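Below, chain A is the first sequence line, B the second, and so on; all start at residue 1. All values reported here derive from a predicted model rather than from experimental measurement.
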Amino acid sequence: MAAVAALAAALVAAALALIFFYVPSDADQGFSQRIFYIHVPVALTAYACFGWGAWKALRHLWKREPGADLESYVAIHQGVIFGSLTLITGSLWAKISWGHWWLWSESQLVLFLVLFLFYGAYFMLRYSVDPGPARANMCAVYAVFGVILIPISFLAIRLANQLIHPVVFNLDGPQMSGSMFFTFCVSLAAMLALAATLYHVELTGKRLDARLRELRELLA
Amino acid sequence: MILAITNAEAKYVAAAYGAVFLVVLLYVVIIALKLERLERELGELTERAAARPQPETERREKVPVA
């Protein structure tokens, strides 16, 4: 975990240096386009966390892997954190670029909100049922169903007719200069490493909590 | 090409990066508080385990069998 944390710290520092001292400003959007280097990596990290949570849920249902339920829960928790950051940074970028905090006509925005609320409701389900195998199974099924929304949310922008939300990755590759793409890749690696670090920290804390509870029951 | 940075642009960019920093910081603080609680609970359990009476077999005085 220490190695992942050190990697995350180094990558975050490198990403910030590249964003503010290396990459040129966008010709259309100017300085505010720098929000792209945090907004898109954070959104992709949220998708990755939800995807990882669904994979772990599937492992729980399929292989009955011990601890997979807890790992799925922690991954979805991370996804919701990164999802809320996506909505915050996206709204700020929308305000400076389009003059609106939010546009209900944009499928990409609405579908991401639906995905976010769907996984937000996961916690309502989890904490409304007593702990045990039944809760683990119910939560796993819910997490697996939610993953269907990820490709829909990701592809919505490419299928939608209204294209206010910019498309920078299409079948021809990234629509940006080499320096911008390099900065974006470093930022994405930084966010993924940060998410991995937070995931391991939270998971260790949860496991420790569970073992202490067992110990308390033994000593009672 | 050098483009002028407007005050509004700088504010929004700072707000976006600041929001990410604050959320991560808040998360770390919450985890730190949780670890503090776990450490306290572990201390209490250790004390409880130490104060527990020893099992009967260990307290019994050893005597020669034959």
Portion of A:Leu212 that has a non-hydrogen atom of chain B nearer than 4.5 angstrom:
both
Please look at A:Leu85 and chain B and tell me whether the side chain, the backbone, both or neither of the residue comes under 4.5 angstrom of a heavy atom of that chain.
side chain
Measure across A:Leu92 and B:Ala15 and return the closest heavy-atom pair with its distance rounded to 0.1 Å.
CD1-C, 3.7 Å
In Å and rounded to the nearest 0.5 Å, what is the [atom1] to [atom2] distance from [X] to [Y]?
{"X": "A:Gln78", "Y": "B:Tyr27", "atom1": "CD", "atom2": "OH", "result": "4.0 Å"}
{"X": "A:Ser32", "Y": "B:Lys11", "atom1": "OG", "atom2": "NZ", "result": "14.5 Å"}
{"X": "B:Glu9", "Y": "A:Ile35", "atom1": "CD", "atom2": "CD1", "result": "9.0 Å"}

Heavy-atom contact with chain A under 4.5 Å, split by part of B:Tyr12:
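It is both, since atoms from each part get that close.
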Is it the backbone or the side chain of B:Ile31 that comes under 4.5 Å from a heavy atom of chain A, or both, or neither?
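Side chain only.
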Please tell me if the side chains of [X] and [Y] come closer than 4.5 Å, counting only heavy atoms from C-beta onward.
{"X": "A:Arg216", "Y": "B:Arg48", "answer": "yes"}
{"X": "B:Arg37", "Y": "A:Asp209", "answer": "yes"}
{"X": "A:Phe20", "Y": "B:Val13", "answer": "yes"}
{"X": "B:Lys34", "Y": "A:Lys206", "answer": "yes"}

Inter-chain contacts: residues 186-204 of chain A against chain B, heavy atoms under 4.5 Å:
A:Leu194, A:Leu198, A:Val201, A:Glu202
Run the numbers on A:Tyr37 and B:Tyr17 for side-chain contact (heavy atoms from CB on, under 4.5 Å), then give the verdict.
CA-CA 10 Å; A:Tyr37 302 108; B:Tyr17 284 85; 3.8 Å; yes
Can you tell me if CZ on A:Phe123 sees more than 12 non-hydrogen neighbours from other groups inside 6.0 Å?
yes
For residues 80-91 of chain A, which residue pairs pass the side chain to side chain donor-acceptor pair (under 3.5 Å) check, not counting sequence neighbours?
A:His39-A:Thr89
